[in-house]
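Read the structure below first, then the notes.
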Amino acid sequence: MSTHNSILPLRLEQVSYAVRGRTLIDAIDATFQAGQRTIILGPNGAGKSLLLRLCHGLLTPTKGRVVWGGPFAKEARMRQAMVFQRPVMLRRSAAANVDYALAIRGFSGKDRKARLAEALRNTGLSELANQPARVLSGGEQQRLALARAWALEPEVLFLDEPTANLDPAASRSVERIIGAIDASGTKIIMTTHDLGQARRLADEILFLHGGRLVERSPAEAFFAKPRTDTADAFMRGELYW
Amino acid sequence: MDPHAIAMVANAFGEALRLLTSFDAELIGIVGLSLQVSLGALLIAALIGLPFGAALALYEFPGRRSITVLLNALMGLPPVVVGLFVYLVLSRAGPLGFMELLFTPTAMVIAQTILITPIVAALTRQLTEDLWREYGEQLRSLGSGAGRAIPTLLWDGRYALVTVLLAGLGRAMAEVGAVMIVGGNIAGFTRVMTTSIALETSKGNLSLALGLGIVLMLLALLVNAAAHLVRETAARQLG
(Lines give C-alpha, C1' and ligand atoms only; values in the text may rest on other atoms or scores of the structure.)
Protein backbone atom coordinates (compact mmCIF):
# COMPACT_ATOMS: atom_id res chain seq x y z
CA MET A 1 0.00 0.00 0.00
CA SER A 2 1.51 3.30 -1.03
CA THR A 3 1.90 5.89 1.65
CA HIS A 4 0.56 8.94 -0.18
CA ASN A 5 -3.09 7.79 0.16
CA SER A 6 -2.64 6.43 3.64
CA ILE A 7 -4.55 6.93 6.89
CA LEU A 8 -1.37 6.16 8.85
CA PRO A 9 0.45 7.12 10.98
CA LEU A 10 -1.80 6.54 13.98
CA ARG A 11 -0.86 8.78 16.89
CA LEU A 12 -1.85 8.35 20.52
CA GLU A 13 -1.36 11.55 22.49
CA GLN A 14 -1.46 11.14 26.27
CA VAL A 15 -4.33 8.69 25.92
CA SER A 16 -5.97 7.73 29.21
CA TYR A 17 -9.07 5.71 29.89
CA ALA A 18 -10.76 5.62 33.28
CA VAL A 19 -13.87 3.91 34.52
CA ARG A 20 -15.47 5.18 37.73
CA GLY A 21 -12.31 6.96 38.73
CA ARG A 22 -10.11 3.94 38.14
CA THR A 23 -7.45 4.62 35.53
CA LEU A 24 -7.12 1.59 33.28
CA ILE A 25 -5.02 3.18 30.56
CA ASP A 26 -2.57 5.76 31.79
CA ALA A 27 -1.24 8.55 29.57
CA ILE A 28 0.03 6.51 26.64
CA ASP A 29 1.97 8.22 23.87
CA ALA A 30 2.71 6.15 20.79
CA THR A 31 2.88 6.41 17.03
CA PHE A 32 2.17 3.53 14.67
CA GLN A 33 3.69 3.58 11.19
CA ALA A 34 2.88 1.41 8.22
CA GLY A 35 4.76 -1.78 7.60
CA GLN A 36 5.94 -3.21 10.88
CA ARG A 37 3.98 -5.88 12.66
CA THR A 38 3.26 -4.44 16.08
CA ILE A 39 2.55 -6.75 18.98
CA ILE A 40 1.13 -5.35 22.19
CA LEU A 41 2.37 -7.69 24.89
CA GLY A 42 1.53 -7.84 28.55
CA PRO A 43 -0.09 -9.85 31.32
CA ASN A 44 -3.84 -10.19 31.83
CA GLY A 45 -5.38 -6.92 32.92
CA ALA A 46 -2.54 -4.81 31.54
CA GLY A 47 -5.02 -2.91 29.36
CA LYS A 48 -4.09 -4.45 26.01
CA SER A 49 -7.65 -4.95 24.81
CA LEU A 50 -8.67 -1.50 26.01
CA LEU A 51 -5.76 0.09 24.19
CA LEU A 52 -6.74 -1.71 20.98
CA ARG A 53 -10.36 -0.57 21.31
CA LEU A 54 -9.21 3.00 21.90
CA CYS A 55 -7.05 2.84 18.76
CA HIS A 56 -9.89 1.33 16.74
CA GLY A 57 -12.38 3.93 17.97
CA LEU A 58 -14.73 1.57 19.80
CA LEU A 59 -13.89 3.47 22.99
CA THR A 60 -13.23 7.18 23.42
CA PRO A 61 -10.33 8.16 25.65
CA THR A 62 -11.33 9.96 28.82
CA LYS A 63 -8.16 12.05 28.38
CA GLY A 64 -5.87 12.59 25.43
CA ARG A 65 -6.46 11.98 21.73
CA VAL A 66 -6.26 9.26 19.13
CA VAL A 67 -5.31 10.86 15.83
CA TRP A 68 -5.03 9.38 12.36
CA GLY A 69 -2.26 11.45 10.82
CA GLY A 70 -2.24 10.36 7.19
CA PRO A 71 -3.59 12.40 4.28
CA PHE A 72 -6.64 10.10 4.05
CA ALA A 73 -7.40 10.27 7.78
CA LYS A 74 -11.03 11.17 7.05
CA GLU A 75 -11.56 7.67 5.70
CA ALA A 76 -9.94 6.03 8.72
CA ARG A 77 -13.20 4.53 10.01
CA MET A 78 -13.76 2.56 6.82
CA ARG A 79 -10.15 1.59 6.23
CA GLN A 80 -9.50 -0.35 9.40
CA ALA A 81 -10.89 -3.59 10.76
CA MET A 82 -10.72 -5.59 13.95
CA VAL A 83 -10.73 -9.27 14.82
CA PHE A 84 -11.93 -10.02 18.34
CA GLN A 85 -10.90 -12.68 20.81
CA ARG A 86 -14.32 -14.26 20.55
CA PRO A 87 -15.57 -14.06 16.97
CA VAL A 88 -19.09 -12.66 16.66
CA MET A 89 -20.95 -14.29 13.80
CA LEU A 90 -24.38 -13.43 12.48
CA ARG A 91 -26.98 -16.18 12.19
CA ARG A 92 -26.42 -16.79 8.52
CA SER A 93 -23.98 -18.68 6.35
CA ALA A 94 -20.21 -18.22 6.51
CA ALA A 95 -20.21 -16.56 3.10
CA ALA A 96 -23.12 -14.28 4.05
CA ASN A 97 -21.16 -13.06 7.08
CA VAL A 98 -18.30 -11.91 4.87
CA ASP A 99 -20.74 -10.53 2.32
CA TYR A 100 -22.51 -8.53 5.04
CA ALA A 101 -19.26 -6.78 5.97
CA LEU A 102 -18.57 -6.02 2.30
CA ALA A 103 -22.06 -4.57 1.91
CA ILE A 104 -21.62 -2.29 4.92
CA ARG A 105 -18.35 -1.02 3.51
CA GLY A 106 -20.08 -0.22 0.25
CA PHE A 107 -18.60 -2.86 -2.04
CA SER A 108 -20.91 -4.08 -4.77
CA GLY A 109 -21.21 -6.13 -7.93
CA LYS A 110 -18.34 -8.15 -9.31
CA ASP A 111 -15.77 -6.64 -6.99
CA ARG A 112 -17.79 -7.78 -3.96
CA LYS A 113 -18.22 -11.30 -5.31
CA ALA A 114 -14.54 -11.56 -6.12
CA ARG A 115 -13.47 -10.31 -2.69
CA LEU A 116 -15.84 -12.75 -1.01
CA ALA A 117 -14.57 -15.76 -2.94
CA GLU A 118 -10.94 -14.76 -2.49
CA ALA A 119 -11.25 -14.18 1.25
CA LEU A 120 -12.85 -17.58 1.76
CA ARG A 121 -10.22 -19.25 -0.42
CA ASN A 122 -7.34 -17.52 1.36
CA THR A 123 -8.57 -18.73 4.71
CA GLY A 124 -9.39 -22.26 3.58
CA LEU A 125 -13.11 -21.82 4.06
CA SER A 126 -14.41 -22.21 0.50
CA GLU A 127 -15.82 -25.63 1.31
CA LEU A 128 -17.68 -24.27 4.32
CA ALA A 129 -19.09 -21.20 2.57
CA ASN A 130 -22.70 -22.32 2.85
CA GLN A 131 -22.53 -23.64 6.40
CA PRO A 132 -24.24 -21.58 9.10
CA ALA A 133 -21.40 -19.57 10.62
CA ARG A 134 -22.36 -20.25 14.21
CA VAL A 135 -22.08 -24.00 13.98
CA LEU A 136 -18.49 -23.83 12.73
CA SER A 137 -15.76 -24.80 15.18
CA GLY A 138 -13.96 -22.14 17.20
CA GLY A 139 -10.95 -22.26 14.91
CA GLU A 140 -13.10 -22.08 11.79
CA GLN A 141 -15.06 -19.16 13.18
CA GLN A 142 -11.87 -17.27 13.92
CA ARG A 143 -10.62 -17.94 10.39
CA LEU A 144 -13.97 -16.67 9.15
CA ALA A 145 -13.52 -13.53 11.25
CA LEU A 146 -10.13 -13.09 9.57
CA ALA A 147 -11.70 -13.69 6.15
CA ARG A 148 -14.34 -11.07 6.93
CA ALA A 149 -11.68 -8.55 7.89
CA TRP A 150 -9.34 -9.45 5.04
CA ALA A 151 -12.07 -9.13 2.40
CA LEU A 152 -12.28 -5.44 3.30
CA GLU A 153 -8.54 -5.04 2.57
CA PRO A 154 -8.13 -2.71 5.51
CA GLU A 155 -5.06 -0.55 5.76
CA VAL A 156 -4.83 -1.37 9.45
CA LEU A 157 -6.00 -4.59 11.09
CA PHE A 158 -6.37 -4.79 14.87
CA LEU A 159 -6.39 -8.26 16.41
CA ASP A 160 -7.31 -8.80 20.03
CA GLU A 161 -5.82 -12.05 21.30
CA PRO A 162 -7.15 -13.85 18.23
CA THR A 163 -5.87 -17.25 19.32
CA ALA A 164 -6.58 -17.09 23.06
CA ASN A 165 -9.41 -19.62 22.83
CA LEU A 166 -7.88 -21.90 20.20
CA ASP A 167 -5.87 -25.11 20.26
CA PRO A 168 -2.28 -25.07 18.94
CA ALA A 169 -3.17 -26.26 15.43
CA ALA A 170 -5.94 -23.71 15.00
CA SER A 171 -3.62 -21.05 16.46
CA ARG A 172 -0.97 -21.86 13.88
CA SER A 173 -3.40 -21.56 11.00
CA VAL A 174 -4.60 -18.22 12.37
CA GLU A 175 -0.97 -17.04 12.64
CA ARG A 176 -0.33 -18.13 9.08
CA ILE A 177 -3.30 -16.11 7.87
CA ILE A 178 -2.14 -13.08 9.85
CA GLY A 179 1.24 -13.44 8.14
CA ALA A 180 -0.47 -13.49 4.74
CA ILE A 181 -2.58 -10.43 5.57
CA ASP A 182 0.61 -8.64 6.61
CA ALA A 183 2.26 -9.68 3.35
CA SER A 184 -0.66 -8.23 1.42
CA GLY A 185 0.26 -4.81 2.80
CA THR A 186 -2.02 -4.43 5.82
CA LYS A 187 -0.54 -2.95 8.98
CA ILE A 188 -0.96 -5.47 11.82
CA ILE A 189 -1.51 -4.31 15.39
CA MET A 190 -2.19 -7.24 17.66
CA THR A 191 -2.38 -8.03 21.36
CA THR A 192 -1.24 -11.27 22.93
CA HIS A 193 -0.05 -12.58 26.26
CA ASP A 194 1.57 -15.54 24.49
CA LEU A 195 5.33 -15.04 24.36
CA GLY A 196 5.85 -17.73 21.73
CA GLN A 197 3.32 -16.11 19.48
CA ALA A 198 4.87 -12.69 20.03
CA ARG A 199 8.27 -14.11 19.04
CA ARG A 200 6.85 -15.64 15.87
CA LEU A 201 4.89 -12.59 14.72
CA ALA A 202 6.40 -9.40 16.07
CA ASP A 203 8.56 -6.85 14.34
CA GLU A 204 8.21 -4.55 17.31
CA ILE A 205 6.89 -4.99 20.84
CA LEU A 206 4.88 -2.63 22.97
CA PHE A 207 5.01 -3.96 26.51
CA LEU A 208 2.05 -2.91 28.61
CA HIS A 209 1.67 -3.29 32.35
CA GLY A 210 -0.90 -1.76 34.69
CA GLY A 211 -2.28 0.45 31.95
CA ARG A 212 1.13 1.99 31.22
CA LEU A 213 3.33 1.62 28.19
CA VAL A 214 6.39 0.27 29.95
CA GLU A 215 8.64 -0.42 27.02
CA ARG A 216 8.68 -0.24 23.24
CA SER A 217 11.45 -2.10 21.45
CA PRO A 218 12.24 -3.88 18.21
CA ALA A 219 11.23 -7.52 18.69
CA GLU A 220 14.75 -8.86 18.33
CA ALA A 221 16.14 -6.57 21.00
CA PHE A 222 13.18 -7.16 23.31
CA PHE A 223 13.53 -10.91 23.24
CA ALA A 224 17.29 -10.74 23.62
CA LYS A 225 17.05 -8.57 26.72
CA PRO A 226 14.16 -6.28 27.67
CA ARG A 227 15.25 -2.84 28.76
CA THR A 228 12.93 -2.76 31.79
CA ASP A 229 12.79 -4.98 34.86
CA THR A 230 9.03 -5.37 34.57
CA ALA A 231 9.24 -6.76 31.04
CA ASP A 232 12.14 -8.94 32.10
CA ALA A 233 10.09 -10.33 34.98
CA PHE A 234 7.17 -11.00 32.62
CA MET A 235 9.47 -12.88 30.25
CA ARG A 236 10.68 -15.07 33.10
CA GLY A 237 7.10 -15.68 34.26
CA GLU A 238 7.71 -13.83 37.48
CA LEU A 239 5.39 -10.91 37.07
CA TYR A 240 2.78 -11.62 39.68
CA TRP A 241 0.65 -8.48 39.87
CA MET B 1 -71.91 -32.43 41.21
CA ASP B 2 -75.50 -33.30 40.50
CA PRO B 3 -76.18 -35.75 37.65
CA HIS B 4 -78.33 -33.26 35.82
CA ALA B 5 -75.42 -30.84 35.46
CA ILE B 6 -73.09 -33.59 34.31
CA ALA B 7 -75.58 -34.62 31.67
CA MET B 8 -75.84 -31.01 30.51
CA VAL B 9 -72.09 -30.63 30.15
CA ALA B 10 -71.78 -33.97 28.39
CA ASN B 11 -74.58 -32.97 26.09
CA ALA B 12 -72.88 -29.67 25.36
CA PHE B 13 -69.63 -31.45 24.57
CA GLY B 14 -71.40 -33.76 22.16
CA GLU B 15 -73.12 -30.87 20.45
CA ALA B 16 -69.82 -28.95 20.32
CA LEU B 17 -68.07 -31.84 18.60
CA ARG B 18 -70.97 -32.12 16.17
CA LEU B 19 -70.65 -28.42 15.31
CA LEU B 20 -66.90 -28.79 14.83
CA THR B 21 -67.00 -31.93 12.73
CA SER B 22 -69.86 -30.70 10.58
CA PHE B 23 -68.05 -27.43 9.89
CA ASP B 24 -71.02 -25.43 11.06
CA ALA B 25 -71.27 -22.28 8.95
CA GLU B 26 -71.85 -19.92 11.87
CA LEU B 27 -68.94 -21.38 13.80
CA ILE B 28 -66.61 -21.13 10.83
CA GLY B 29 -67.68 -17.56 10.22
CA ILE B 30 -66.91 -16.65 13.80
CA VAL B 31 -63.51 -18.38 13.81
CA GLY B 32 -62.67 -16.80 10.46
CA LEU B 33 -63.45 -13.29 11.65
CA SER B 34 -61.47 -13.84 14.85
CA LEU B 35 -58.42 -14.84 12.86
CA GLN B 36 -58.89 -12.01 10.39
CA VAL B 37 -59.18 -9.35 13.08
CA SER B 38 -56.36 -10.63 15.27
CA LEU B 39 -53.95 -11.33 12.41
CA GLY B 40 -54.73 -7.90 10.99
CA ALA B 41 -53.93 -6.33 14.34
CA LEU B 42 -50.76 -8.41 14.60
CA LEU B 43 -49.59 -7.31 11.15
CA ILE B 44 -49.94 -3.63 12.02
CA ALA B 45 -48.47 -4.17 15.51
CA ALA B 46 -45.46 -5.90 13.93
CA LEU B 47 -44.93 -3.15 11.36
CA ILE B 48 -44.88 -0.57 14.14
CA GLY B 49 -43.57 -2.54 17.11
CA LEU B 50 -40.57 -4.32 15.59
CA PRO B 51 -38.71 -1.26 14.26
CA PHE B 52 -39.83 0.90 17.19
CA GLY B 53 -38.67 -1.65 19.76
CA ALA B 54 -35.34 -2.11 18.00
CA ALA B 55 -34.80 1.63 17.65
CA LEU B 56 -35.53 2.10 21.34
CA ALA B 57 -32.83 -0.45 22.14
CA LEU B 58 -30.20 1.00 19.79
CA TYR B 59 -30.57 4.78 19.82
CA GLU B 60 -29.54 6.71 22.88
CA PHE B 61 -31.54 9.85 23.51
CA PRO B 62 -32.87 11.72 26.52
CA GLY B 63 -36.08 10.20 27.83
CA ARG B 64 -35.30 6.75 26.53
CA ARG B 65 -35.63 5.18 29.95
CA SER B 66 -38.97 6.79 30.65
CA ILE B 67 -40.31 5.55 27.32
CA THR B 68 -39.04 2.07 28.10
CA VAL B 69 -40.74 2.05 31.48
CA LEU B 70 -43.96 3.37 29.95
CA LEU B 71 -43.83 0.80 27.18
CA ASN B 72 -43.39 -2.02 29.66
CA ALA B 73 -46.31 -0.70 31.67
CA LEU B 74 -48.48 -0.56 28.54
CA MET B 75 -47.96 -4.29 28.05
CA GLY B 76 -50.53 -4.75 30.79
CA LEU B 77 -53.19 -2.47 29.27
CA PRO B 78 -56.64 -3.71 30.31
CA PRO B 79 -58.60 -4.59 27.14
CA VAL B 80 -61.79 -2.93 28.37
CA VAL B 81 -59.94 0.34 28.88
CA VAL B 82 -58.54 0.15 25.35
CA GLY B 83 -62.03 -0.66 24.14
CA LEU B 84 -63.48 2.31 25.95
CA PHE B 85 -60.78 4.62 24.58
CA VAL B 86 -61.30 3.50 21.00
CA TYR B 87 -65.06 3.70 21.52
CA LEU B 88 -64.78 7.33 22.61
CA VAL B 89 -62.54 8.22 19.67
CA LEU B 90 -64.71 6.47 17.08
CA SER B 91 -68.15 7.27 18.51
CA ARG B 92 -70.32 9.71 16.60
CA ALA B 93 -69.31 12.59 18.88
CA GLY B 94 -65.65 11.55 18.96
CA PRO B 95 -62.80 13.08 16.91
CA LEU B 96 -62.89 10.26 14.33
CA GLY B 97 -66.63 9.74 14.50
CA PHE B 98 -67.08 10.94 10.91
CA MET B 99 -65.31 7.80 9.67
CA GLU B 100 -68.21 5.70 10.95
CA LEU B 101 -65.98 2.85 12.04
CA LEU B 102 -67.60 2.00 15.36
CA PHE B 103 -69.11 -1.50 15.46
CA THR B 104 -67.10 -2.64 12.43
CA PRO B 105 -64.28 -5.20 12.20
CA THR B 106 -61.93 -2.28 11.43
CA ALA B 107 -62.65 -0.80 14.86
CA MET B 108 -61.83 -4.19 16.37
CA VAL B 109 -58.53 -4.30 14.51
CA ILE B 110 -57.71 -0.81 15.76
CA ALA B 111 -58.46 -1.74 19.36
CA GLN B 112 -56.43 -4.94 19.26
CA THR B 113 -53.56 -3.15 17.53
CA ILE B 114 -53.42 -0.64 20.38
CA LEU B 115 -53.56 -3.51 22.83
CA ILE B 116 -50.69 -5.58 21.40
CA THR B 117 -48.32 -3.05 19.81
CA PRO B 118 -46.75 -2.28 23.22
CA ILE B 119 -46.27 -6.01 23.80
CA VAL B 120 -44.51 -6.51 20.47
CA ALA B 121 -42.43 -3.35 20.90
CA ALA B 122 -41.40 -4.01 24.51
CA LEU B 123 -40.38 -7.62 23.90
CA THR B 124 -38.56 -6.63 20.70
CA ARG B 125 -36.68 -3.93 22.58
CA GLN B 126 -35.51 -6.42 25.18
CA LEU B 127 -34.45 -8.95 22.57
CA THR B 128 -32.65 -6.39 20.43
CA GLU B 129 -30.84 -4.95 23.43
CA ASP B 130 -29.51 -8.42 24.30
CA LEU B 131 -28.39 -8.97 20.71
CA TRP B 132 -26.73 -5.57 20.55
CA ARG B 133 -24.77 -6.37 23.69
CA GLU B 134 -23.37 -9.39 21.87
CA TYR B 135 -22.94 -7.88 18.38
CA GLY B 136 -22.47 -4.19 19.13
CA GLU B 137 -18.68 -3.97 19.00
CA GLN B 138 -18.39 -6.15 15.92
CA LEU B 139 -21.05 -4.23 14.00
CA ARG B 140 -19.61 -0.86 14.99
CA SER B 141 -16.18 -2.11 14.01
CA LEU B 142 -17.49 -2.97 10.55
CA GLY B 143 -18.87 0.53 10.29
CA SER B 144 -22.53 -0.03 11.04
CA GLY B 145 -24.38 2.61 13.02
CA ALA B 146 -27.58 2.06 14.94
CA GLY B 147 -29.74 2.64 11.88
CA ARG B 148 -28.00 0.00 9.82
CA ALA B 149 -28.00 -2.39 12.76
CA ILE B 150 -31.79 -2.40 13.18
CA PRO B 151 -32.61 -4.63 10.20
CA THR B 152 -29.52 -6.73 10.92
CA LEU B 153 -30.53 -7.46 14.50
CA LEU B 154 -34.20 -8.01 13.67
CA TRP B 155 -33.14 -10.50 11.03
CA ASP B 156 -30.69 -12.21 13.34
CA GLY B 157 -33.33 -12.44 16.05
CA ARG B 158 -35.98 -13.64 13.62
CA TYR B 159 -36.67 -16.94 15.33
CA ALA B 160 -36.95 -15.41 18.77
CA LEU B 161 -39.15 -12.69 17.27
CA VAL B 162 -41.61 -15.34 16.11
CA THR B 163 -42.27 -16.00 19.77
CA VAL B 164 -42.69 -12.28 20.39
CA LEU B 165 -45.27 -12.03 17.61
CA LEU B 166 -47.10 -15.06 18.90
CA ALA B 167 -47.31 -13.52 22.34
CA GLY B 168 -49.05 -10.59 20.67
CA LEU B 169 -51.32 -12.82 18.64
CA GLY B 170 -52.25 -14.86 21.69
CA ARG B 171 -53.16 -11.74 23.60
CA ALA B 172 -55.28 -10.44 20.71
CA MET B 173 -57.13 -13.71 20.15
CA ALA B 174 -57.85 -14.21 23.82
CA GLU B 175 -59.11 -10.76 24.77
CA VAL B 176 -62.82 -10.11 24.91
CA GLY B 177 -63.25 -6.68 26.51
CA ALA B 178 -62.00 -4.46 23.70
CA VAL B 179 -63.69 -6.18 20.76
CA MET B 180 -66.90 -6.44 22.72
CA ILE B 181 -67.04 -2.69 23.29
CA VAL B 182 -65.94 -1.45 19.86
CA GLY B 183 -67.37 -4.32 17.80
CA GLY B 184 -70.66 -4.72 19.58
CA ASN B 185 -70.79 -8.48 19.04
CA ILE B 186 -73.14 -8.19 16.06
CA ALA B 187 -74.04 -11.63 14.73
CA GLY B 188 -72.45 -12.39 11.39
CA PHE B 189 -70.60 -9.08 11.33
CA THR B 190 -68.47 -8.38 14.38
CA ARG B 191 -68.97 -11.53 16.41
CA VAL B 192 -65.67 -13.27 17.23
CA MET B 193 -64.83 -16.34 19.30
CA THR B 194 -64.40 -14.69 22.65
CA THR B 195 -67.45 -12.43 22.42
CA SER B 196 -69.70 -15.27 21.31
CA ILE B 197 -68.40 -17.54 24.06
CA ALA B 198 -69.34 -14.84 26.56
CA LEU B 199 -72.74 -14.29 24.95
CA GLU B 200 -73.68 -17.94 24.40
CA THR B 201 -72.65 -18.85 27.93
CA SER B 202 -74.84 -16.13 29.39
CA LYS B 203 -77.70 -17.31 27.18
CA GLY B 204 -77.18 -20.87 28.41
CA ASN B 205 -76.22 -22.11 24.93
CA LEU B 206 -73.29 -24.07 26.23
CA SER B 207 -72.67 -26.24 23.17
CA LEU B 208 -71.72 -23.40 20.84
CA ALA B 209 -69.72 -21.76 23.63
CA LEU B 210 -67.85 -24.99 24.29
CA GLY B 211 -67.29 -25.65 20.59
CA LEU B 212 -65.74 -22.22 20.22
CA GLY B 213 -63.76 -22.71 23.39
CA ILE B 214 -62.30 -25.91 22.01
CA VAL B 215 -61.35 -24.23 18.73
CA LEU B 216 -59.73 -21.35 20.62
CA MET B 217 -57.68 -23.76 22.71
CA LEU B 218 -56.67 -25.82 19.70
CA LEU B 219 -55.56 -22.73 17.82
CA ALA B 220 -53.49 -21.58 20.78
CA LEU B 221 -51.92 -25.01 21.03
CA LEU B 222 -51.22 -25.21 17.31
CA VAL B 223 -49.67 -21.78 17.15
CA ASN B 224 -47.44 -22.40 20.15
CA ALA B 225 -46.35 -25.81 18.94
CA ALA B 226 -45.41 -24.28 15.59
CA ALA B 227 -43.44 -21.55 17.31
CA HIS B 228 -41.63 -24.05 19.47
CA LEU B 229 -40.72 -26.11 16.42
CA VAL B 230 -39.41 -23.08 14.57
CA ARG B 231 -37.16 -22.11 17.47
CA GLU B 232 -35.85 -25.60 18.06
CA THR B 233 -35.01 -26.09 14.41
CA ALA B 234 -33.34 -22.72 14.20
CA ALA B 235 -31.27 -23.32 17.32
CA ARG B 236 -30.08 -26.63 15.94
CA GLN B 237 -29.28 -25.41 12.46
CA LEU B 238 -28.05 -21.88 13.00
CA GLY B 239 -26.56 -21.99 16.46
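Each chain gets a letter, A, B and so on, in the order the sequences are listed, and its residues count up from 1.
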Return the [atom1] to [atom2] distance between [X] and [Y], rounded to the nearest 0.5 Å.
X: B/L142; Y: A/I104; atom1: CG; atom2: CD1; result: 5.5 Å
X: B/R140; Y: A/M82; atom1: CZ; atom2: CE; result: 10.5 Å
X: B/Q138; Y: A/F84; atom1: CD; atom2: CZ; result: 5.0 Å

Where A/H56 and B/S141 come nearest, the two heavy atoms and their spacing: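 For A/H56 and B/S141, the tightest heavy-atom pair comes out as NE2-OG, 2.7 Å.
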Got A/R91 and B/W155 here, is their nearest side-chain heavy-atom distance under 4.5 Å?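 Side-chain contact under 4.5 Å: no.
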Residue pair A/M89 / B/D156, side-chain heavy-atom distance below 4.5 Å: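 The answer is no, as the side chains (C-beta and beyond) never meet within the 4.5 Å cut-off.
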Do other residues, nucleotides or ligands put more than 12 heavy atoms under 6.0 Å from the [atom1] atom of [X]?
X: A/F107; atom1: CZ; value: yes
X: A/R65; atom1: CZ; value: no
X: B/F61; atom1: CZ; value: yes

Look at B/S144, B/G136, B/G157 and state which one has the largest set of heavy-atom pairs under 4.5 Å with chain A.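 Option with the top pair count is B/S144.
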Taking every heavy-atom pair that is under 4.5 Å apart, which of B/R158, B/R236, B/R148 has the most such pairs with chain A?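 Heavy-atom pairs under 4.5 Å are most numerous for B/R148.
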Side chain from CB out, backbone as N, CA, C, O: work out which of these in B/L153 comes under 4.5 Å of a heavy atom of chain A, or both, or neither.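 Interface part for B/L153: neither.
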Chain B contact via A/L152 - side chain, backbone, both or neither, heavy atoms under 4.5 Å: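 Contact with chain B involves the side chain of A/L152 alone.
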